[in-house]
Amino acid sequence: SQTIHQWPATLVQPVGSPLSLECTVEGTSNPNLYWYRQAAGRGLQLLFYSVGIGQISSEVPQNLSASRPQDRQFILSSKKLLLSDSGFYLCAWSRGLAGEQYFGPGTRLTVT
Amino acid sequence: EDQVTQSPEALRLQEGESSSLNCSYTVSGLRGLFWYRQDPGKGPEFLFTLYSAGEEKEKERLKATLTKKESFLHITAPKPEDSATYLCAVQGDSGYALNFGKGTSLLVTP
């Protein structure tokens, strides 16, 4: 069976500090990978998706970047965090680009 | 632009009191409509995918239905463990994102 991991589970960072969130998927090969952000009172918003190693597409302009150094690893980064970057960050995977996506446990980021 | 509206925002039910959650959507070329369950502080858990009007799917006390403009999640004889936020999402032919509604927060009391 497939499993998706995210870490850390929670993170408190000061404004202006860097960020690195990691997501890994087990039990499947060549998954499509996604980063979403869930802000209080708002729906999930897609930030990035990747169809393969080194292939990243951004859905919205922002202070964040993503990378996929290995087939089943997806990283979300920032050089300098803003207060508005606070939120619940979710990684997801899918077998194809159409169809259901499966979410990880999430990372709660608080920027102070 | 794809849009998803869920109602009600919050719903409180007595154990055993059946009800329905609504998801209204507009999308260009529906690839799929998805229902998820999300517990506090956790990632969404996949429940159902519906692809075309008239389709229905069931899982335990949950049944999802789809028309050309909306989907319903029917909850029959709910139990307290069904308490969660239920999210609806659509995927259209314009991209790969799942476009989510804001969810319905369901509380089932004993």
Side-chain angles (χ1 to χ4, degrees), chain A residues 1-11 21 23-25 31-52 55-60 66 74 76 87-110, chain B residues 1-10 21 23-52 55 57 59 64 66 71 73 84-105:
Chain A
S1 64
Q2 297 81 23
T3 308
I4 180 168
H5 303 278
Q6 288 187 244
W7 64 90
T10 60
L11 191 60
L21 304 182
C23 169
T24 59
V25 181
N32 296 301
L33 298 173
Y34 310 84
W35 278 112
Y36 286 85
R37 177 169 57 204
Q38 187 174 34
R42 302 181 63 181
L44 278 78
Q45 180 186 35
L46 180 66
L47 303 175
F48 301 94
Y49 68 91
S50 172
V51 300
Q55 301 179 61
I56 308 295
S57 296
S58 174
E59 287 289 299
V60 293
F74 206 21
L76 184 69
F88 192 46
Y89 287 84
L90 291 156
C91 181
W93 73 274
S94 67
R95 292 183 178 86
L97 288 174
E100 57 268 16
Q101 297 173 13
Y102 301 94
F103 287 84
T107 294
R108 173 73 60 189
L109 172 66
T110 303
Chain B
E1 181 180 328
D2 302 346
Q3 287 193 328
V4 178
T5 302
Q6 292 188 245
S7 61
E9 291 185 10
L21 313 182
C23 171
S24 298
Y25 66 92
T26 56
V27 65
S28 173
L30 181 69
R31 286 182 176 172
L33 184 139
F34 309 89
W35 282 99
Y36 289 83
R37 169 192 171 128
Q38 186 173 25
D39 292 304
K42 299 193 175 181
E45 174 190 349
F46 170 72
L47 294 174
F48 305 109
T49 303
L50 301 168
Y51 293 104
S52 58
E55 190 174 0
K57 288 194 176 173
K59 179 181 180 179
L66 181 65
S71 176
L73 185 65
T85 296
Y86 291 85
L87 301 172
C88 172
V90 296
Q91 187 180 49
D93 60 11
S94 61
Y96 307 119
L98 296 188
N99 294 290
F100 282 84
K102 294 182 180 181
T104 293
S105 177

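Reminder, nothing fancy here: chain letters follow the sequence lines and each chain counts from 1. The structure displayed is predicted, hence computed values, not measured ones.
Contacts of A/L90 with chain B are made by side-chain atoms alone, with heavy-atom separations under 4.5 Å and no backbone atom involved. Only the side chain of A/Q38 comes within less than 4.5 Å of a heavy atom in chain B; its backbone stays farther off. For B/Y96, the parts lying near chain A are the backbone and the side chain together; criterion is any non-hydrogen pair under 4.5 Å. With a 4.5 Å cut-off on non-hydrogen atoms, B/Q38 touches chain A through its side chain but not through its backbone. In this structure, no portion of B/F48 lies under 4.5 Å from any heavy atom of chain A.
For the atom pair B/N99 CG and A/Q45 CD, the distance stands at 10.0 Å (nearest 0.5 Å). Note that CD of A/Q101 is 11.0 Å distant from CZ of B/F46, once rounded to the nearest 0.5 Å.
Here the closest heavy-atom approach between residue B/F34 and residue A/E100 is recorded as CE2-N, 3.3 Å. Between B/A97 and A/E59 the shortest heavy-atom distance is CB-OE1, 4.4 Å. Residues A/A98 and B/R31 share a closest heavy-atom pair of CB-CD, 4.0 Å.
Between the side chain of A/Y36 and the backbone N or O of B/L98 there is at least one donor-acceptor pair closer than 3.5 Å.
Counting heavy atoms of neighbouring residues, nucleotides and ligands inside a 6.0 Å radius, atom CD of A/Q2 exceeds 12 of them.
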